[in-house]
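Right, one structure below, let's go through it.
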Amino acid sequence: MENITSQRNREKFYENGFLYIFDKLSADEKTEFWRCEQKRHCKARVHIVNHEVVKSINMHNHEPSAAKVAADKIVTKIKKRAVETQESTCQVINECTQNTDIACQGALPNQQALKKLIRRKRNEINQAPSNPTTLADLEIREC
């Protein structure tokens with residue numbers, strides 16, 4: 001199963017066109033509780049043990065979207081490739097969106113939003129260190 005990450009770098013789980021975000025572990029730490037990605041509007045939840053759904057709670061009040069799942073996979077792939085390579089933003093987007101169907105392309109953010117996403121990911125990695133408060137915190141990197 002491919003990993004999908006949220007905007008806050010949390011793992012997402014997908015099943016039957018629905019996306020779930022990890023909520024919490026059970027008291028015995030064996031069962032994972034996941035809630036629907038649209039948690040403000042949808043009360044659906046699943047319980048997972050050993051990567052298998054063992055219980056579904058409530059029904060979704062929205063339609064499943066395979067295109068949204070595929071679009072989220074592509075966005076995750078774009079984020080990963082942006083950090084791993086030094087390709088231009090257009091190259092990263094083009095490589096990751098090749099051979100996608102029209103429904104998935106419609107669910108993707110627009111070109112400017114994807115470019116901004118790549119720049120933000122790269123700036124996260126290359127940002128300057130914070131200002132030291134003491135001399136012991138001062139760290140000088142060699143170039």
Calculate, to the nearest 0.5 Å, the distance between atoms [atom1] and [atom2] belonging to [X] and [Y] respectively.
X    : Y    : atom1 : atom2 : result
S56  : N16  : OG    : CG    : 8.5 Å
K73  : L19  : NZ    : CG    : 9.5 Å
K116 : T89  : NZ    : OG1   : 13.5 Å
E15  : Y20  : CD    : OH    : 5.5 Å
H60  : C42  : NE2   : SG    : 5.0 Å
K79  : E124 : NZ    : CD    : 9.0 Å

inquiry  = Tell me whether the count of non-hydrogen atoms from other residues, nucleotides or ligands lying under 6.0 Å of CD in Q98 goes above 12.
reply    =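 Above 12, so yes.
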Would you say [X]'s side chain and [Y]'s backbone share a donor-acceptor pair under 3.5 angstrom?
X   : Y   : result
N58 : K43 : yes
D72 : T5  : no
Q91 : S88 : yes
S26 : T31 : yes
N50 : E52 : no

key: Residue pair V46, K55: steps toward the side chain to side chain contact (heavy atoms under 4.5 Å, CB included) verdict   = CA-CA 6 Å; V46 291; K55 185 176 185 182; over 6 Å; no
[Y] side chain reached by [X] side chain, heavy atoms, under 4.5 Å:
X    : Y   : answer
I118 : I93 : yes
R10  : I21 : yes
H41  : H62 : no
C104 : I74 : yes

message = Go through it in stages, so that I can follow the logic: the residues are K68 and E37, the test is side chain to side chain contact (heavy atoms under 4.5 Å, CB included), and I'd like the CA-CA distance, side-chain angles, deciding distance and then a yes or no.
response = CA-CA 11 Å; K68 172 82 168 100; E37 179 185 46; 3.9 Å; yes
message = Would you say the ring centers of F13 and H51 fall short of 6.0 Å from each other?
response =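 Centroid distance F13-H51: not below 6.0 Å, so no.
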Table please: side-chain donor-acceptor pairs of residues 105-114 below 3.5 Å, with sequence neighbours left out.
| from | atom 1 | to | atom 2 | distance (Å) |
| --- | --- | --- | --- | --- |
| Q105 | NE2 | T100 | O | 3.3 |
| Q105 | NE2 | T100 | OG1 | 3.1 |
| N110 | OD1 | Q112 | N | 3.4 |
| N110 | OD1 | A113 | N | 2.8 |

request  = Hey, could you give me each pair passing salt bridge (charged side-chain N to carboxylate O under 4.0 Å, His left out) that has a residue in residues 83-92? Not counting sequence neighbours.
outcome  =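 Sorted result for residues 83-92: R81-E87.
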Find out if a path of hydrophobic residues (ILVMFWY) with successive side-chain heavy-atom gaps under 4.5 Å connects [X] to [Y].
X   : Y   : value
W34 : L25 : yes
F22 : V53 : yes
V75 : I4  : no

Atom of F33, atom of R45 and distance for their closest heavy-atom approach =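 In this case the closest contact between F33 and R45 is CB-NH1, 4.4 Å.
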